[in-house]
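In what follows, a single structure is set out as structure tokens and then discussed.
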Amino acid sequence: MRFEIAEEKTLILRRGRRQEVCGVVVNDRPGVPRPWRRRLRAEVHQIVTGRARDPSLLGRVRGELAFLHSFHPEEAGKLLQNFFF
């Protein structure tokens with residue numbers, strides 16, 4: 001079996017740009033993009049203050065906090081403290 005590079009899917013990202021693969025930033029060390037973390041922080045705030053309108057938000061935020069913990073344990077720990085009081 002022979003593999004070929006799909007040129008239309010190939011993108012060369014230089015050092016100065018955010019290099020993202022499957023939603024994970026891989027420049028110097030693996031991480032989660034800052035806009036994604038800001039959105040998650042806002043959703044935790046909505047839940048804590050009782051302003052969350054979507055009932056499925058709680059389960060999704062728990063899963064995203066676990067995902068964030070695998071890359072940024074300190075930041076996820078702070079959010080979890082707020083989340084569970």
For Val32, is there any backbone N or O sitting under 3.5 Å from a side-chain donor or acceptor partner on His72? yes
Atom pair CH2 (Trp36) and CZ (Phe71), whose distance is rounded to the nearest 0.5 Å: 9.0 Å
Take atom CD of Glu8 as the centre, draw a 6.0 Å sphere, and report whether it contains more than 12 heavy atoms from other residues, nucleotides or ligands. yes
Shared ILVMFWY cluster between Val25 and Leu13, side chains joined below 4.5 angstrom? no
Output, in order, the C-alpha distance, side-chain angles, deciding distance and verdict of side-chain contact (heavy atoms from CB on, under 4.5 Å) for Cys22 and Val24. CA-CA 6 Å; Cys22 298; Val24 176; 5.5 Å; no
Between the CG atom in Leu80 and the CZ atom in Arg62, the distance rounded to the nearest 0.5 Å is 10.0 Å
Please find the pair of heavy atoms, one from Gly23 and one from Glu20, that lie closest to each other, and give the distance. CA-OE2, 3.5 Å
Checking side-chain contact (heavy atoms from CB on, under 4.5 Å) between Glu64 and each of Arg39, Arg37, His69, which is the one that passes? Arg39
Should Lys78 and Glu74 be marked as a salt bridge (charged side-chain N to carboxylate O under 4.0 Å, His left out) after you check the CA-CA gap, both sets of side-chain angles, and the distance that decides it? CA-CA 6 Å; Lys78 289 177 187 177; Glu74 306 86 26; over 6 Å; no
For Val61, all residues meeting side chain to side chain contact (heavy atoms under 4.5 Å, CB included), sequence neighbours excluded: Leu40, Glu43, Val44, Ile47, Leu57, Leu65, Phe83
Does Leu11 share a hydrophobic cluster with Val26, counting links as ILVMFWY side-chain heavy atoms below 4.5 Å and allowing steps through other members? no
If you take all heavy atoms of Leu79 and Arg41, which pair is closest and at what distance? CD2-CG, 3.7 Å
Ignoring hydrogens and angles, tell me if any N or O in the side chain of Gln19 forms a donor-acceptor pair with the backbone of Arg14 under 3.5 Å. yes
